Structure formats: C-alpha cells, structure tokens
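Convention: sequence-line order gives letters A, B, ...; per-chain numbering from 1. Worth saying up front: this structure is predicted, and the values here are computed from it rather than measured.
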Amino acid sequence: MQAYPPALIHHFFSGRTWIEGAALDQLAEMSRLPGVSEIAAFPDLHPGKYGATGVALASERLLPLLVGNDIGCGMSLFQLDLPPHKLKIDKAAERLRQLEAEEIGNPALLLEEAGLPTSLAPDALGTIGGGNHFCELQAIDALAEGGVATGLDGHALYLLVHSGSRSLGAAFFSEAVDAHPDLAAGLLPGSQGAVTWLANHDRCVAWASLNRRLIAARAAAALRADLRLVADVPHNLVRSSGRAFVHYKGAAAVTPGELAPIAGSRASLSYVVCPTADVSRSLGGISHGAGRKYDRASMHGRAGRNRSEREQLLRNAWGGIAICDDRALVIEEAAAAYKDAGQVVADLENEKLVSVLASFRPLVTFKKAVDEAEVEQRRRKPKYRREGGRGRERY
DNA sequence: ATGTGC
C-alpha cells in the first residue's frame with residue numbers, strides 16, 4: 001500500500017470551545033486516510049461513526065464512508081408571512097402536530113420537476129425522520145444591520161428545517177458498502193464505483209433539498225401561512241474542487257455571500273450567518289450547528305429520568321415547546337446534549353469565516369408525533385402475535 | 001442517520 005504524508009489539519013475553533021479528545025483522535029486518523037491532503041475542523045466537532053463530524057476534508061479519492069448514510073442532509077430556512085406578535089404557541093403547536101398529514105401534492109410530479117426519477121422514494125417525501133432532525137418555528141431574537149440588508153425581517157416568523165434523504169441515502173450507502181469490501185480505502189476518480197456513488201449522491205442531495213422544501217410547505221400549510229426560501233445549505237455531501245473531492249461531514253458547504261443557517265439546540269438560539277471570502281481557507285465549509293457534547297447513549301441517565309423532568313425538556317426559556325412523542329428521543333436530544341451554538345458562531349466569527357446576521361429563538365420544535373392511524377393498525381394486526389405461539393405475546 | 005425488526 002502506498003504511503004501518503006498525513007494531511008494538514010486546520011482547526012477553526014478556540015480554546016473556549018469544548019472539543020472531545022476522541023474527536024481529535026479521529027481527526028488524526030482521518031488525516032492518514034489514502035489521498036487526503038487537507039482537513040478543516042469546525043467548533044461543532046464531535047466523534048462520529050466513521051470519523052469526526054464537523055469536518056471538511058479534501059482527498060483525491062472519494063470516501064463515501066465519511067459522508068455516511070444521510071447523503072444530502074442539510075438545513076433550510078424559510079420566512080413565513082406571519083408576525084410573531086400574533087402567535088399563540090399552543091395553537092401553533094397543535095397545528096404543527098398535524099404537519100406530516102398535510103397534502104404535499106403529486107410526488108411523481110414534484111420529483112419530475114426536481115429533475116429526479118419519479119420512482120425515487122416518493123412516499124418518504126415531506127417526512128422529517130428521526131435523530132437530530134426537526135422542523136422548528138422560530139422568531140428573530142437579534143438582528144444585525146447586515147441582516148436587515150439581506151431581507152431578514154424581525155417582524156416575521158421563520159421555519160428552520162433540518163432533514164436529509166431518509167431511506168434513500170441509507171440504501172445507496174449500504175449498496176456501496178456491499179459492493180466495495182475495501183470502501184475505507186476510498187474510490188478512485190473515474191472508477192465505476194465512484195461514478196455510480198456520485199450519481200446516487202447527486203440524486204440524494206437534490207431529493208433532500210426537495211424534502212426540506214416540502215416539510216416547510218407542510219408546516220406552512222398547517223399554520224395557514226405562505227413562505228419564502230431564505231437559505232438551503234447541505235452539510236453531508238461531496239463537492240468536486242479541481243482534482244480533489246471535498247467531503248463535508250456535518251459541515252455546511254457554503255458560498256461566500258450566501259446565507260447559511262447554524263442550528264442551535266431544542267432550547268438555545270440558532271443563527272444565520274454570511275460566509276466571507278475567507279471560507280476558501282476552510283475548504284468552503286463552516287459549522288452546521290451546535291454539535292453534540294454528549295452522545296445519545298450517555299444522555300440516558302443524565303437527563304429526563306422521571307416524567308416531570310421529561311416534560312421540562314419539552315419547554316424552553318422563551319415559552320417555546322417541542323413536539324416529540326418519542327421518550328428516548330426527548331432525552332437524547334435534550335439541550336444539555338449540545339454545545340452552545342453562540343460559542344460556535346463566536347469562533348467562526350473570530351476566524352473571520354462568517355459575519356453573524358441574526359439569531360433566532362425556538363418557539364415550536366416539531367420532531368416526532370405518534371401516528372395514531374399507524375398505532376391503530378398495529379393494534380389490529382399485532383406484529384409479534386404468531387399462530388404457533390412462538391416468541392413473546394405483546395398484548 | 002435508518003419503516004432503528006429474525
């Protein structure tokens with residue numbers, strides 16, 4: 001095997017930001033992957049399954065493991081034609097609870113309009129998914145002069161949507177894993193494996209963007225509002241740059257001058273920033289969110305140990321509420337699991353990668369609502385009931 | 001992240 005010199009690792013975070021040692025170890029491992037020339041690490045850096053998250057990485061080989069299974073995942077921000085002063089949070093939450101029951105139109109037609117095959121996971125369109133994904137109703141907390149100039153409006157409500165390619169990216173990911181036993185070593189440019197993965201990748205990026213738009217359209221319909229797209233920025237993808245592939249893993253792939261959302265947590269502020277020309281120093285990447293401080297498993301026992309604590313986790317300091325009927329997810333996504341997005345943004349600003357345009361407070365965070373129809377169907381056809389009585393009875 | 005399942 002050919003030996004490569006380890007890649008240059010650039011840190012775009014300060015000593016004030018908590019960075020887990022395991023993530024730095026992963027960075028060092030990633031710098032020794034074949035073909036890697038340069039790595040940019042951002043303040044939301046944290047350990048991930050196939051390498052650290054919060055990273056942009058340039059390599060002459062394609063490294064699908066680094067992008068992971070949610071190919072095309074990203075953040076989109078929309079402005080609503082609703083003023084915050086009229087908002088009744090409980091009423092809005094009640095309406096948003098029905099988000100995924102709202103019509104999205106003809107999926108085949110929507111896919112066709114997006115230049116995608118009509119067979120591409122049409123039934124999953126407009127769904128949020130799990131994990132850290134959400135659709136959040138927000139109001140501007142603070143607005144810089146530069147924010148006003150870009151059309152951000154302190155007297156409007158906003159929707160921030162974080163979602164990806166659902167089962168589609170996962171299917172292409174495992175397809176690549178199955179086809180290439182040595183996928184960790186990367187795919188060579190122009191190889192059949194690289195061409196196939198890149199084509200699937202491009203579809204996932206377009207599908208995920210469409211998905212976020214449809215989630216927002218559903219939310220706007222539930223709120224009886226109209227909406228306009230402010231920003232749409234993916235953070236799990238690859239971009240070609242000359243001879244190199246730049247891999248973004250939990251790092252927003254930005255363009256100088258084009259607005260980018262940086263998500264806070266369920267109970268802390270989110271931001272909209274304007275990337276500067278200096279992002280050429282960070283491989284065109286910036287942070288995409290606050291970044292995890294504690295992994296999902298270690299949150300159990302750390303937060304939400306009893307019912308009243310869990311109920312508290314659904315409320316925030318601004319009177320906002322979260323809709324999440326999944327008890328484990330409430331705990332795993334507690335604000336305490338995340339770093340402070342304000343510190344993340346301060347580091348990026350200090351590195352001259354961005355200017356901050358506005359901060360946003362969370363009012364209603366839609367994560368997961370129990371589908372009553374589905375529950376009812378399961379009740380009729382119990383999954384674990386068998387004729388022969390093998391296995392445990394569920395009811 | 002994932003219809004998180006034999």
Practice prompt. Tell me what A/G130 touches on the nucleic acid: a base, only sugar-phosphate, or nothing, going by heavy atoms under 4.0 Å.
Written response: sugar-phosphate

Worksheet item: Should A/H162 and A/F134 be marked as a ring pair (Phe, Tyr, Trp, His ring centres under 6.0 Å) after you check the CA-CA gap, both sets of side-chain angles, and the distance that decides it?
Response: CA-CA 5 Å; A/H162 179 195; A/F134 60 81; 5.7 Å; yes

Discussion item. Taking the minimum atom-to-atom distance to the side chain of A/K368, which one of B/dT4, B/dT2, B/dG3 wins?
Written reply: B/dT4

Discussion item. For the aromatic rings, using the six-membered ring if either is Trp, is the centroid distance between A/Y158 and A/F360 under 6.0 Å?
Written reply: yes

Discussion item. Check the orientation of A/F245 and A/H247. Use parallel for under 30°, tilted for 30 to 60°, and perpendicular for over 60°.
Written reply: perpendicular

Fill in: Gap between atoms CD1 and C1', on A/I71 and B/dT2 respectively (whole Å)
12 Å

Practice prompt. Scan A/G129 against the nucleic acid and name what it touches under 4.0 Å (heavy atoms): base, sugar-phosphate only, or nothing.
Written response: sugar-phosphate

Worksheet item: How long is the line joining NZ of A/K49 and C1' of B/dT2, in whole Å?
Response: 10 Å

Worksheet item: Roughly, in whole Å, what's the span from CD1 in A/I128 to P in B/dG3?
Response: 13 Å

Practice prompt. Using whole Å, report how far NE2 of A/H133 lies from C1' of B/dT2.
Written response: 10 Å

Worksheet item: A/N211 CG to B/dT2 P: how many Å, rounded?
Response: 10 Å

Item to complete: Give A/G131 one of three labels, base, sugar-phosphate or nothing, depending on what nucleic acid heavy atoms sit under 4.0 Å from its own.
Response: sugar-phosphate

Practice prompt. For side-chain contact (heavy atoms from CB on, under 4.5 Å), just list the numbers for A/Q138 and A/S270, CA-CA rounded to whole Å, side-chain angles, deciding distance to a tenth of an Å, and then say yes or no.
Written response: CA-CA 9 Å; A/Q138 304 180 332; A/S270 296; 3.4 Å; yes

Worksheet item: Nearest-Å distance, CD (A/E333) to P (B/dT4)?
Response: 18 Å

